[in-house]
Structures are given as structure tokens and as C-alpha cells.
Amino acid sequence: IGRHDGSSRAGVPSAFVIDRDGNKLFRSACKARGVSEDHTAESAYLLIPENAIHGHILKCCHPRCRQSGRLFRYCVLCRIPVTKRSFH
């Protein structure tokens, strides 16, 4: 993933990043529980494309969370990621 928006302060993750193709990806903390102690908002997040459609599948960037197979889907109505099993 490419550059940040530049407004990040020390210890506070940037709200979005720009990928190498120039697409804006919004950052949302992963809400998965029981992954590991280092699965925090700073180290475990989902990147949501600016133009994500309803039901877009998302994976956490944290290696253990990703390896566990946890998946999320983006809800355009709520404008948040939800667990794949809770998505309707």
C-alpha cells in the first residue's frame, strides 16, 4: 500500500491510504476478537476501497487474523464492515 494522507499524528493511524494505482482506501479497525494480544487498531485494520459496493469482501491486514480465515463484508447502508456471517 502506498502513501498516507499526511494528517496522521504519532501513534494515530491515518484515516486513509492511497494505493499505488491512486485509489483511496479507508482504514477501519478490525473488530475480530480473540486473535492475539497484538491485534490492535494500529496493527489490525481493514482497508475499504472508496468505491466499495454492498457486500464487498474485506480481510484484515493482521497476519494471524488473515490466516484464521475471518472475513468481513462492507455494508453501504451502514457504511461499516460487518462479519461475513452477520451480513444479510
Closest contact, heavy atoms only, Ser43 versus Cys61: O-SG, 3.5 Å
Tyr74 side chain near Pro49 side chain, heavy-atom distance below 4.5 Å: no
Reported OG-to-NE2 distance for the pair Ser36 and His62, which is rounded to 0.5 angstrom: 3.5 Å
Heavy-atom side-chain proximity of Leu46 to Arg27 below 4.5 angstrom: no
Arg64 CZ to Asp38 CG distance, which is reported to the nearest 0.5 Å: 6.0 Å
Other ILVMFWY residues reachable from Ile57 by side-chain steps of under 4.5 Å: Leu71
Value rounded to 0.5 Å, distance of CZ in Arg79 from OG in Ser28: 12.0 Å
Co-membership, hydrophobic cluster, residues Ile80 and Phe87, 4.5 Å side-chain: yes
Option from Ile48, Ile18, Asp19 for which side chain to side chain contact (heavy atoms under 4.5 Å, CB included) with Lys24 holds: Ile18
Gap between atom CZ of Phe16 and atom CG of Leu25 - 0.5 Å precision: 10.0 Å
Contact list for residues 46-58, test side chain to side chain donor-acceptor pair (under 3.5 Å), sequence neighbours left out: none
Whether Asp21 side chain and Asn23 backbone form a donor-acceptor pair below 3.5 Å: no
Side chains of Arg85 and Thr83, donor plus acceptor under 3.5 Å: no
Partner residues of His39 under the side-chain hydrogen bond (donor to acceptor under 3.5 Å, both in side chains) criterion, sequence neighbours left out: none
Considering all heavy atoms, the nearest Ala32-Arg70 contact: CB-CD, 3.5 Å
Side-chain donor/acceptor of Arg73 to backbone N/O of Lys84, under 3.5 Å: no
